[in-house]
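In what follows, every heavy atom counts, from backbone to side chain, and hydrogens, waters and symmetry copies are set aside. Each chain gets a letter, A, B and so on, in the order its sequence line appears, and its residues count up from 1.
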There are 2 protein chains.
Amino acid sequence: MAATIKDVAKKANVSISTVSRVLSNQMHVSSSTYKRIQDAVAELNYIPNSSAVSLVKKSSTTVLYADSFYKGRPYENPHMFDIISGSSHELRKKGYFLGLLDLDCSKEKAEEQIINAIQSKKADGILINGYYVTPAIEKILLATDFPHICIGKPSFDSMLSWIDTNHSLSSNLAITHLVSLGHKKIAFVGGSDKDNIYRDRFLGYRLSLERNNLSPRDAYVIPTSCNLEEIIQHTTELLRLPEPPDSILCFNSLIAVGVIQAIRQFHLRIPEDISIVSFDNYPYAPLITPSLTVVDIDMYSLGTRAGASLLKKIQNPEMLIQTYTALPHLIQRDSTVLHSET
Amino acid sequence: MAATIKDVAKKANVSISTVSRVLSNQMHVSSSTYKRIQDAVAELNYIPNSSAVSLVKKSSTTVLYADSFYKGRPYENPHMFDIISGSSHELRKKGYFLGLLDLDCSKEKAEEQIINAIQSKKADGILINGYYVTPAIEKILLATDFPHICIGKPSFDSMLSWIDTNHSLSSNLAITHLVSLGHKKIAFVGGSDKDNIYRDRFLGYRLSLERNNLSPRDAYVIPTSCNLEEIIQHTTELLRLPEPPDSILCFNSLIAVGVIQAIRQFHLRIPEDISIVSFDNYPYAPLITPSLTVVDIDMYSLGTRAGASLLKKIQNPEMLIQTYTALPHLIQRDSTVLHSET
DNA sequence: CTGTTAGCGCCTTCAA
DNA sequence: TTGAAGGCGCTAACAG
């Protein structure tokens with residue numbers, strides 16, 4: 001049905017190799033035949049068959065994004081999709097496509113999927129959620145010299161390339177802001193020790209306190225799930241301490257909502273009596289009362305950089321890329337400093 | 001580097017066609033050679049080159065999801081990514097991959113991208129956001145008999161296949177709930193006439209009122225943007241009416257947040273004095289005060305169905321699929337009926 | 001049951 | 001500047 005290079009050659013009265021030449025812009029073609037061929041291409045609506053090109057060029061101009069796309073994930077983790085959008089954008093600029101590799105939840109199956117994708121040459125490179133990277137995957141990636149970037153540093157030391165945000169720096173930004181407002185008793189609510197991001201943010205929290213000559217107190221650190229009751233329960237205990245905090249750093253905006261509810265029950269005012277800062281600028285952050293001061297991370301541009309880095313690795317597979325890109329920034333709203341009058 | 005079918009054939013001491021046979025499970029192969037070949041495959045870690053297979057089979061086992069992946073989209077519209085996740089899941093089960101076709105914001109460029117994807121045979125089918133479908137795209141899709149499903153009914157009448165949620169039915173669910181609680185003066189806040197979904201939901205709102213013998217009042221219908229001040233402003237006017245509503249249906253949960261703030265300023269209680277229902281069950285819906293009663297739509301399963309439908313069209317391209325899948329359901333929370341004690 | 005052969009559509013030397 | 005020819009890795013008749 002669709003036109004092939006042969007059809008174009010016939011219509012332009014040249015051989016297929018000449019057509020191929022003008023299509024790949026290798027001049028050495030007389031301007032008259034060049035034009036004839038261009039016309040034929042336009043007339044026939046000719047676009048090269050991508051499988052044939054991939055086969056002979058040994059490149060699919062496709063990159064895979066390997067992650068798990070389970071139901072409801074976009075609601076709990078829109079960040080991930082902003083990263084995908086960013087990398088897609090960057091890749092597209094260079095003529096690459098982004099394909100999704102929907103990883104099975106079972107690690108063995110996921111490994112198999114990745115190996116399969118690499119060996120079948122479905123893609124020229126892979127972006128892969130660092131969380132899913134196992135030593136077995138590292139081995140195959142390294143052995144085949146397959147261009148890759150892990151999104152988020154893998155949980156074990158490795159020679160893989162990765163890119164990550166500086167979560168520790170994010171905490172630092174938040175703490176610096178709170179300290180500048182005169183706060184000295186800063187609590188940290190939410191998250192779980194099992195979470196890499198939590199550990200990094202917690203580290204930044206502690207380091208930043210120390211840097212500001214504030215001694216960290218264990219009672220001020222409260223990991224919790226996102227369950228509303230649990231958050232309220234824990235926050236209540238926190239506020240009942242002999243020396244309650246004067247400000248709270250929340251692991252995410254959902255936690256913040258719970259914390260705020262608990263604070264209301266104590267009839268404390270935000271930000272006059274207690275300030276709140278949280279991570280992640282969800283669309284509702286400015287809408288809740290009080291509007292949330294937030295440390296935001298530009299995930300889209302993380303994706304952009306990941307895409308650009310992968311493109312570099314495709315050019316030069318033995319290059320090692322391991323970077324923290326520091327993109328957090330503070331968005332100041334009513335939960336720390338009163339701006340707007342409602 | 002990677003093994004080819006030739007390597008396997010050599011190692012197993014057979015011809016490549018025999019290898020091909022066992023790989024595609026067309027028996028007619030003696031069990032002894034079968035085993036020899038399997039062993040060779042395993043030993044060499046052989047996986048067929050997908051470009052070569054695509055070229056000869058004329059099928060890439062890839063499907064495209066065409067939409068615009070601009071920065072921040074996942075936060076404003078996580079639904080879209082839940083649909084993507086659902087379709088990816090369905091497709092994967094049948095051995096298909098989902099690739100992203102990141103549409104340019106300019107309609108002409110977007111058309112070009114789609115045409116290019118079809119002609120280059122990069123994919124066997126396409127899922128495409130109905131919003132981006134133009135008559136030009138319809139023409140090429142129909143002319144090439146290219147398997148497609150529009151996600152969301154296109155804005156013009158067409159012979160394309162599409163799948164959509166029954167937004168009108170969603171409204172009906174909400175109204176029925178409110179009426180069952182004894183409400184008679186039901187307002188509808190938020191959305192824009194230019195929005196297809198708005199028009200459908202609005203239609204459902206009106207029809208449902210009529211079905212319940214409630215006469216719609218123009219003053220109760222207030223389209224607005226998601227800007228907080230605007231929402232509050234409009235809601236305030238609504239509440240100042242001689243006969244204010246006893247319940248409000250909000251176009252989405254962001255609107256609901258603004259509406260609730262405005263109501264607070266009037267010192268009205270929710271749900272005692274006024275009830276709130278909104279669309280879309282965002283993660284924060286249960287967290288805000290009061291927790292929101294919501295009509296939720298299972299977008300993941302919409303994706304699942306879209307994927308399944310596309311697969312059918314790939315089998316049978318001339319099949320016409322145009323369905324409203326009715327998946328909304330009501331999640332009852334404190335903004336209409338008091339459940340929990342805080 | 002197995003091997004030979006002819007492509008799929010394109011790129012790329014190598015001659016002319 | 002152009003054309004002929006030989007693959008890329010695989011499948012699918014067609015013989016044997």
Undergrad: Anything under 3.5 Å between a donor and an acceptor, one on a side chain of residues 146-160 of chain B, the other on a protein residue two or more places apart or in another chain? List them.
TA:
from   : atom 1 : to     : atom 2 : distance (Å)
B:H148 : ND1    : B:F146 : O      : 2.8
B:H148 : NE2    : B:S161 : N      : 3.0
B:S158 : OG     : B:L160 : N      : 3.2

Undergrad: Let me know the distance between CD1 of B:I37 and P of C:dG3, rounded to the nearest Å.
TA: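 For the pair B:I37 CD1 and C:dG3 P, the rounded distance is 8 Å.
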Undergrad: With distance as the sole test, does A:S88 use its side chain to make a donor-acceptor pair with the main-chain N or O of A:G86 at under 3.5 Å?
TA: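 Absent.
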Undergrad: With heavy atoms under 4.0 Å as the rule, sort A:S20 into base, sugar-phosphate or nothing.
TA: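 A:S20: base contact, heavy atoms under 4.0 Å.
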Undergrad: At under 4.0 Å between heavy atoms, what does A:V53 touch on the DNA or RNA strands: base, sugar-phosphate, or nothing?
TA: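 Sugar-phosphate contact only.
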Undergrad: Check the phosphate of C:dG9 against B:K58, side-chain N and O only, distance under 4.0 Å to OP1 or OP2. Yes or no?
TA: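 Indeed, a polar side-chain atom of B:K58 lies that close.
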Undergrad: What is the distance, rounded to the nearest whole Å, between atom CD1 of B:I5 and atom P of D:dG7?
TA: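 It works out to 18 Å between those atoms.
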Undergrad: Rounded to whole angstroms, how far apart are CD1 on B:I16 and P on C:dA6?
TA: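 Value for this atom pair: 13 Å.
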Undergrad: Under 4.0 Å, heavy atoms only, any strand: does B:V14 hit a base, just the sugar-phosphate, or nothing?
TA: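 Counting heavy atoms under 4.0 Å across all strands, the contact made by B:V14 is with sugar-phosphate only.
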Undergrad: Between B:I47 (CD1) and D:dG9 (C1'), how many Å, whole number?
TA: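 In whole Å, D:dG9 C1' and B:I47 CD1 are 15 Å from each other.
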Undergrad: Do A:S17 and D:dG3 have a side chain to base donor-acceptor pair shorter than 3.5 Å?
TA: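 Check passes, donor-acceptor contact within cut-off.
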Undergrad: Which nucleotide sits closest to the side chain of A:T4: C:dC14, D:dG9, C:dC10?
TA: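 Per side-chain heavy atoms of A:T4, the pick is C:dC10.
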Undergrad: Considering every strand and a 4.0 Å limit on heavy-atom distances, what is the contact class for B:T33: base, sugar-phosphate, or nothing?
TA: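 The answer is sugar-phosphate, as B:T33 gets under 4.0 Å only of primed atoms, P, OP1 or OP2.
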Undergrad: Counting side-chain heavy atoms from C-beta on, which of C:dG9, D:dG9, D:dG3 comes nearest to A:S15?
TA: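 The answer is D:dG3, which lies nearest to the side chain.
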Undergrad: How many Å lie between NZ on A:K57 and P on D:dG9, as a whole number?
TA: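 Rounded to whole Å, this separation is 16 Å.
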Undergrad: Is B:K107 atom NZ crowded by more than 12 heavy atoms from other residues, nucleotides or ligands, each under 6.0 Å away?
TA: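 Result for NZ/B:K107: enclosed.
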Undergrad: Distance check needed: D:dC10 P versus B:L23 CG, whole Å only.
TA: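 To the nearest whole Å, that distance equals 9 Å.
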Undergrad: Please report the distance, rounded to the nearest Å, between CG in A:L55 and C1' in C:dT12.
TA: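 These atoms are roughly 14 Å apart.
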Undergrad: Please determine, by modelled atom types, if B:Y70 and B:E76 share a side-chain donor-acceptor pair under 3.5 angstrom.
TA: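 Result is yes, a qualifying pair exists.
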Undergrad: Using whole Å, report how far CG of A:N49 lies from P of C:dG9.
TA: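 Distance check: A:N49 CG to C:dG9 P gives 7 Å.
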Undergrad: Return the 5'-most residue of the pair B:S32, A:Y46 with respect to DNA chain C, ranking by each residue's nearest nucleotide.
TA: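 Final value for this comparison: B:S32.
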Undergrad: Assign each of B:S31 and B:A52 to its nearest nucleotide of DNA chain C by heavy atoms, then name whichever residue's nucleotide is nearer the 5' end.
TA: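 The 5'-side residue here is B:S31.
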Undergrad: Do A:S17 and A:S20 have a side chain donor and acceptor closer than 3.5 Å?
TA: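 No, because no side-chain N or O of A:S17 sits under 3.5 Å from a partner of the opposite role on A:S20.
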